[in-house]
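So the structure is just underneath, and the comments pick up after that.
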Amino acid sequence: MEYSFRNIEKKWQQNWKDNLVYKVENNTSLPKYYVLDMFPYPSGAGLHVGHPLGYIASDIYSRYKRLKGFNVLHPMGYDAFGLPAEQYAIDHGIHPAISTEENINNFRKQLDNIGFCYDWNREVRTSDSSYYKWTQWIFLQLFNAWFDRKKNKAVPISEVVKIFETHGNNNGEVHCPDSVVTFSANEWKLFTEKERMEILMQYRLVYCGYGEVNWCEKLGTVLANDEVINGLSERGSHPVIKKKLRQWYLRITDYADRLLSGLEQVDFSESMKEMQSNWIGKSSGAEINFAVQTTNPAYQKTPLVVYTTRPDTIFGVDFMVVAPEHELLLQIVTDSQKKSVEDYITLVKSRSDRERMAEKKITGVFSGASAIHPFNGKQIPIWISEYVLIGYGTGAIMAVPCGDQRDFLFAKHFAIPITNIFGTQFNNEEANQAKNVLLENSDFINGMTTQIASDLVIEKLAEKKMGNRKVNYKIHDAAFSRQRYWGEPFPIVWKNGTAVALSEDQLPVQLPNMKEILPGLDGEGPLSNLNEWKNFDRGVREVNTMPGYAGSSWYFLRYMDPKNEKEFCNRQISDYWGQVDLYIGGTEHAVGHLLYSRMWTKCLFDLGFIGFDEPYKKLVNQGKIGGDSRIVYRIHGTNQFVSEGLKEKYETDELHVDVNMVNGKELDLKKFKSWKPEFKNASFLLEDGKYLCESRLEKMSKRYFNVVNPDEVVEKYGADTFRMYEMFLGPVEQDKPWDTKGIEGVHRFLKKLWRLFYEDQKGKRWTIEKATEPELKVLHKTIKKVEENTERFSFNTGVSALMICVNELTELKCYKKEILEPLLVLLSPYAPHITEELFHELGNTTTILKTSFPIWDEKYCTEAVKTYPIAINGKTRTEITIPLEADQQQVENIVLQNEKVMKWLDGNQPKKIIYIKNKMINLVV
RNA sequence: GCCCCGGUGGUGGAAUUGGUAGACACGCAGGACUUAAAAUCCUGUGACCCGCAACGGUCGUAACGGUUCAACUCCGUUCCGGGGCACCA
């Protein structure tokens with residue numbers, strides 16, 4: 001009886017489906033465990049072998065946890081809204097709903113092939129109205145909420161209205177956004193409804209504002225950053241300009257501190273936390289007001305406000321730099337400098353953000369105006385330069401050339417004299433950015449270090465009302481609208497210029513069908529073309545749609561209660577499932593998805609809808625599987641190809657060839673010739689009778705012909721082999737190349753396992769004989785190892801432990817059910833099909849999925865004796881087997897009598913004998 | 001430039017807390033079975049030195065240095081690769 005994986009796998013997949021073995025209940029007495037994969041965007045390209053890596057890891061862990069007695073939630077769904085489907089519709093005239101459906105079906109088929117234990121009854125699709133109804137509902141909760149800085153949490157917007165009614169907004173009760181005027185309670189009462197709504201808009205967690213977007217006039221659409229290349233559209237190379245459009249924003253900045261401190265409570269990798277905290281970019285320093293001296297008397301009283309993280313260097317300020325967009329600029333510029341300033345602004349405006357950022361050249365213009373030093377009254381020239389960005393801090397800096405390298409280079413370039421505040425610690429060749437340097441030439445802070453001096457400077461500035469301590473964040477509010485079709489419509493109707501929220505019973509706002517997706521006028525999205533849909537309830541619907549991250553910010557909650565028509569997720573159910581215990585996905589979502597999702601969770605927590613404020617307890621980032629490309633060399637201008645080793649002798653062009661035509665490095669010439677018509681008559685220069693290709697690791701991509709489709713691997717070796725091989729490649733978190741050749745080893749392992757039960761010729765081999773001590777030892781050591789390795793996500797060593805076990809049982813000729821049955825259970829998370837088959841062959845009638853993980857017995861895992869390495873001065877010289885319970889004295893006696901040891905000691909007495917029980921013995925001579 | 005992660009045989013990788021470096025697997029070489037092939041099994045396989053061989057020795061985890069009885073593991077410096085952030089004040 002042979003291991004015929006194709007029949008076995010098909011049979012059990014059908015059986016599991018028919019018997020609903022993966023159905024998960026919400027109410028059991030079992031402890032819960034929630035394992036989640038980052039759900040995929042169903043692209044048209046389908047899966048390659050890199051995609052399922054994380055899914056396999058989470059699948060193994062889920063199955064393992066089930067065997068360990070947990071009620072495991074392990075769902076899957078689709079992040080189904082997105083740009084590619086919409087673009088595909090524009091290019092091919094196929095509606096996104098149709099292409100998305102097709103892609104999902106294809107994904108599903110590919111996933112099913114691999115034998116995952118998802119509960120498909122809980123599948124969610126963000127583009128289903130039964131799902132996005134609740135995305136819209138959450139939007140409304142955010143719309144009707146305000147972040148109370150005193151409580152450091154979101155509260156209903158009605159609370160801020162109460163405060164306005166009794167105190168206005170200017171008594172310290174309410175944080176007042178920069179764009180809102182201050183008013184008293186009386187003034188609030190006198191405002192019109194429209195005015196009140198406009199003010200409230202500035203306080204909401206999602207709010208409307210204006211923002212710049214990449215606008216392509218020719219395409220009539222807004223483009224994402226990665227659709228713009230060097231200021232031109234990726235499609236068609238049309239010019240792209242900045243355009244101000246009304247946008248919705250998510251007030252994520254209010255959560256900056258909690259998003260930062262929350263990182264301390266979650267089990268993410270250090271680099272992941274690092275990326276997130278860099279993105280949040282918290283820095284502390286001071287805002288300092290510099291009086292401006294200019295010929296225009298109207299602005300002499302308006303201070304120039306700068307942000308600095310180094311207030312201690314205030315006596316080293318030699319010039320000021322403001323961003324070209326700074327609004328004070330045109331007001332303070334002197335007549336003589338007006339022309340050159342305007343020219344510079346025009347130059348900067350014509351440049352894309354990317355160009356500005358990539359610029360290494362130092363440019364800038366003097367404004368003609370000066371600022372006054374707050375302590376010594378010195379006149380400081382005000383410059384403009386593109387290296388200061390309007391979006392960060394106050395859009396203006398105080399430049400300290402001896403303490404900041406960019407300021408230093410600027411000063412050198414424009415020959416601005418440099419004040420030295422570090423004495424001999426400054427060499428006039430580069431800025432000294434160290435923070436432990438003692439200050440000199442700095443008035444009242446001479447001899448102090450950064451921290452002390454900064455505090456003192458801030459204190460003095462505050463006394464003079466010329467500055468204050470300030471914490472700054474790099475993170476800015478996230479744009480939450482897209483001028484697109486294929487996304488969630490907003491539950492908003494504009495009436496008389498005011499955004500009015502729809503009520504809950506008006507949800508969902510269905511995404512209307514469109515025959516042809518065309519952009520609207522003036523950068524409005526395609527929905528603006530639908531007059532009938534647009535005009536609603538004596539107003540006009542919001543025609544923007546929500547961005548891709550809307551649906552993915554809360555999907556983990558919907559899986560808990562996917563069919564609920566009354567709530568986004570029942571509170572009792574979310575209390576039961578709680579946080580995602582294990583989240584597996586790629587690093588590419590480090591700052592986008594994860595931050596938004598964490599924020600939404602915090603909002604829902606603040607508003608009392610869920611009981612936890614961090615969504616993901618533990619995050620594991622699976623590595624990428626790289627493609628192992630094969631490259632051939634064609635002699636330039638000919639149709640002759642040279643083998644890799646000979647390529648230096650000719651002038652050649654390199655071409656990628658399909659990896660499926662290459663065995664190891666040897667090119668299959670026949671396949672190659674029939675690959676493309678142009679190669680039909682190709683000739684080859686061989687080495688040792690073979691044509692060898694060069695191998696190169698790069699991204700797995702169609703363009704490099706290095707894509708390996710899991711369907712093909714599963715067809716050839718079976719799902720169990722595929723699953724185990726993906727794990728055997730190396731640690732899940734590590735990037736690694738795909739090389740199909742090694743898969744044979746894993747496949748042989750499964751065949752070897754099979755042969756413990758059945759011989760190819762003679763048939764049944766397994767027996768119900770009593771197991772011997774050595775056999776039990778093999779089993780129990782394996783249970784221990786597999787358990788430990790699975791617990792710490794070291795699946796590659798888990799596979800290896802199972803291989804060792806099968807090798808040893810083969811050696812022992814052990815075919816006993818007593819040993820083999822628990823082994824099957826151990827293996828079942830990794831290879832569910834073959835183990836289910838053999839489990840039934842052993843006479844079981846229930847599924848192996850519902851058994852329990854075997855428990856290892858210490859007595860079989862500890863040996864009575866240990867073969868110790870005996871090292872002399874740290875170098876292993878021999879091995880001696882010594883009983884484990886031997887004490888120091890006994891060990892010394894045994895060791896010193898050893899022939900080898902005596903030889904090495906050469907008559908000397910060892911200075912010291914180090915004996916570490918169960919580890920090693922070292923003699924110091 | 002700053003931050004994070006990594007660098008181990010021909011290859012993927014193992015070594016969980018400082019305690020036998022190279023588990024397991026691929027590949028390769030030799031052999032068995034077979035008319036032959038596939039499949040399977042056995043043996044060897046980090047480099048170098050001595051030797052018929054057993055055995056023995058030296059070196060070896062990117063490089064150099066340090067701590068330690070003992071370092072892939074800890075510390076310092078440098079090099080290389082990958083990722084993130086970026087004229088961020």
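No hydrogens, no waters, no symmetry mates; every other heavy atom, side chains included, goes into these values. In what follows, chains carry the letters A, B, and so on, assigned in the order in which the sequence lines appear, proteins first and then strands, with residues in each chain numbered from 1.
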(request) Report the nucleotide, chosen from B:A89, B:U40, B:G19, that has the shortest atom-to-atom distance to any side-chain atom of A:Arg755. (result) B:U40
(request) To the nearest Å, give me how far apart OH (A:Tyr392) and P (B:A86) are. (result) 12 Å
(message) With a 3.5 Å limit on both atom pairs, tell me what B:A47 is paired to, counting Watson-Crick and G-U wobble, or say none.
(response) B:U58
(message) Between B:G60 and B:A21, how many Å separate the two C1' atoms, rounded to a whole number?
(response) 9 Å
(message) Taking the minimum atom-to-atom distance to the side chain of A:Ser271, which one of B:C4, B:A23, B:G19 wins?
(response) B:C4
(message) Within the 4.0 Å heavy-atom criterion, would you say A:Leu729 contacts the bases, only the backbone, or no part of the nucleic acid?
(response) sugar-phosphate
(request) Answer with base, sugar-phosphate or nothing: what part of the nucleic acid does A:Lys752 contact at a heavy-atom distance below 4.0 Å? (result) sugar-phosphate
(request) Quick one: look up who B:U20 pairs with, Watson-Crick or G-U, both distances under 3.5 Å, and put none if it's unpaired. (result) none
(message) Does B:A89 have OP1 or OP2 under 4.0 Å away from a side-chain N or O of A:Asn472?
(response) no
(request) Quick one: look up who B:G1 pairs with, Watson-Crick or G-U, both distances under 3.5 Å, and put none if it's unpaired. (result) B:C85
(request) Test for a donor-acceptor pair under 3.5 Å between the base of B:C85 and the side chain of A:Asn278, counting only N and O atoms. (result) no
(message) I want to check one thing: is the phosphate of B:G56, taken as OP1 and OP2, less than 4.0 Å away from some side-chain N or O of A:Arg877?
(response) no
(request) Report the base-pairing partner of B:A32 (Watson-Crick or G-U wobble, both distances below 3.5 angstrom), or none. (result) B:U40
(message) Can you classify the ring geometry of A:Phe722 versus A:Trp738 as parallel (below 30°), tilted (30 to 60°) or perpendicular (above 60°)?
(response) tilted
(request) Could you check A:Thr876 against A:Lys785 and say which one's nearest nucleotide on RNA chain B is further toward the 5' end? (result) A:Lys785
(request) Using both distances under 3.5 Å as the test, list the Watson-Crick or G-U wobble partner of B:U77, or none. (result) B:A63
(message) Say we look at B:C24 and B:U78: how far apart would their C1' atoms be, to the nearest angstrom?
(response) 35 Å
(request) May I have the distance from A:Gln405 (atom CD) to B:A89 (atom P), rounded to whole angstrom? (result) 15 Å
(message) Does the Lys NZ or Arg CZ of A:Arg765 fall within the cation-pi geometry relative to A:Tyr815 - under 6.0 Å from the ring centre and within 45° of the axis?
(response) yes
(request) Consider the side chain of A:Thr797, meaning its heavy atoms from C-beta on, and name the nucleotide among B:C24, B:A14, B:U20 that approaches it most closely. (result) B:A14
(request) Could you tell me the separation between the CE atom of A:Met275 and the P atom of B:C2, rounded to a whole number of Å? (result) 19 Å
(request) Anything under 30° is parallel, anything over 60° is perpendicular, the rest tilted; go ahead and classify A:Phe793 against A:Phe795. (result) perpendicular
(request) Select one nucleotide: of B:C88, B:G19, B:A15, the one nearest the side-chain heavy atoms of A:Leu389. (result) B:C88
(message) I need the residues from residues 804-813 of chain A with at least one non-hydrogen atom less than 4.0 Å from RNA chain B; give them sorted by number, or say none.
(response) A:Ile804, A:Asn807
(request) Pick the P atom in B:G51 and in B:A38, then give their distance to the nearest Å. (result) 40 Å
(message) Can you measure A:Glu788 atom CD to B:A15 atom P for me and round it to whole angstrom units?
(response) 12 Å
(message) Walk me through whether A:Phe5 and A:Leu750 qualify under side chain to side chain contact (heavy atoms under 4.5 Å, CB included).
(response) CA-CA 10 Å; A:Phe5 55 86; A:Leu750 290 178; over 6 Å; no
(message) Any side-chain to backbone donor/acceptor pair from A:Asn796 onto A:Met727? Under 3.5 Å, distance only.
(response) no
(request) Could you check whether A:Thr587 gets within reach of a base, just the sugar-phosphate, or nothing at all, counting any heavy atom under 4.0 Å? (result) nothing
(request) Report yes or no: does A:Lys273 contribute a side-chain atom to a donor-acceptor pair with the main-chain N or O of A:Val266 at less than 3.5 Å? (result) yes
(message) Please tell me if A:Arg310 has a side-chain N or O lying less than 4.0 Å from either OP1 or OP2 of B:C88.
(response) no
(message) Measuring only the P atom in each nucleotide, how far is B:G10 from B:C49? A whole number of Å is fine.
(response) 16 Å
(request) Please tell me which of A:Glu879 and A:Asp404 maps to the more 5' nucleotide of RNA chain B, matching each residue to the nucleotide holding its nearest heavy atom. (result) A:Glu879
(request) Indicate the ring-plane relationship of A:Trp383 and A:Phe414, choosing parallel, tilted or perpendicular according to the 30° and 60° boundaries. (result) tilted
(message) Tell me the interatomic distance from A:Ile743, atom CD1, to B:A25, atom P, rounded to whole angstroms.
(response) 16 Å
(request) Taking atom P in both B:C72 and B:A15, compute the distance separating them and give it to the nearest angstrom. (result) 15 Å
(request) Say whether, by atom type as modelled, one donor and one acceptor occur between the side chain of A:Arg598 and the main chain of A:Leu259 under 3.5 angstrom. (result) yes
(message) With a 3.5 Å limit on both atom pairs, tell me what B:A25 is paired to, counting Watson-Crick and G-U wobble, or say none.
(response) B:U11
Acceptor/donor pairs from residues 470-478 of chain A side chains to any protein atom, 3.5 angstrom cut, sequence neighbours excluded:
| from | atom 1 | to | atom 2 | distance (Å) |
| --- | --- | --- | --- | --- |
| A:Tyr473 | OH | A:Asp257 | OD1 | 3.2 |
| A:Tyr473 | OH | A:Asp257 | OD2 | 2.7 |
| A:Lys474 | NZ | A:Asn278 | O | 3.3 |
| A:Asp477 | OD1 | A:Ile252 | N | 3.2 |
| A:Asp477 | OD1 | A:Thr253 | N | 3.1 |
| A:Asp477 | OD1 | A:Thr253 | OG1 | 2.6 |
| A:Asp477 | OD2 | A:Tyr207 | OH | 2.5 |

(request) Assign A:Glu744 to base, sugar-phosphate, or nothing according to its heavy-atom contacts below 4.0 angstrom with the strands shown. (result) nothing
(request) Would you classify A:Lys474 as touching base, sugar-phosphate or nothing, given that sugar-phosphate means primed atoms plus P, OP1 and OP2, and contacts are heavy atoms under 4.0 Å? (result) base
(message) Can you measure A:Lys741 atom NZ to B:G12 atom P for me and round it to whole angstrom units?
(response) 15 Å
(request) Look at the side chain of A:Glu274 and decide which nucleotide, out of B:U40, B:C3, B:G13, has an atom nearest to it. (result) B:C3
(request) Write down the distance separating the P atoms in B:G13 and B:C26, rounded off to the nearest Å. (result) 16 Å
(message) Base, sugar-phosphate or nothing for A:Lys751? Non-hydrogen atoms, less than 4.0 Å.
(response) sugar-phosphate
(request) To the nearest 0.5 angstrom, please state how far the CD1 atom of A:Ile280 sits from the CG atom of A:Leu263. (result) 6.0 Å
(message) What is the separation between atom CG on A:Asn621 and atom C1' on B:G83, rounded to the nearest whole Å?
(response) 11 Å
Show which side-chain atoms of residues 395-402 of chain A pair as donor or acceptor with protein atoms under 3.5 Å away, not counting sequence neighbours.
none

(request) Could you please name the option among B:G19, B:G82, B:U20 that lies closest to any side-chain atom of A:Asn922? (result) B:G19
(request) Measure from the side chain of A:Val924, starting at C-beta and using heavy atoms only, and say which of B:C69, B:A14, B:A89 lies closest. (result) B:C69
(message) Syn or anti for B:G9? Use the chi torsion, O4'-C1'-N9-C4 for purines and O4'-C1'-N1-C2 for pyrimidines, with syn inside 90° of 0.
(response) syn
(message) I want to verify a distance call: between B:C26, B:C24, B:A14, whose nearest atom is closest to the A:Met803 side chain?
(response) B:C24
(message) I need the CD1-P distance between A:Ile314 and B:A89, as an integer number of Å.
(response) 17 Å
(request) Ignoring backbone atoms, test whether A:Arg748 places a side-chain nitrogen or oxygen under 4.0 Å from the OP1 or OP2 oxygen of B:C26. (result) yes
(message) For the OG atom of A:Ser800 and the CE atom of A:Met724, what is their distance to the nearest 0.5 Å?
(response) 10.0 Å
(message) If I pick the C1' atom on B:U77 and the same atom on B:A25, what distance separates them, to the nearest angstrom?
(response) 37 Å
(request) For B:U67 and B:G7, measure between their P atoms and round to the nearest Å. (result) 25 Å
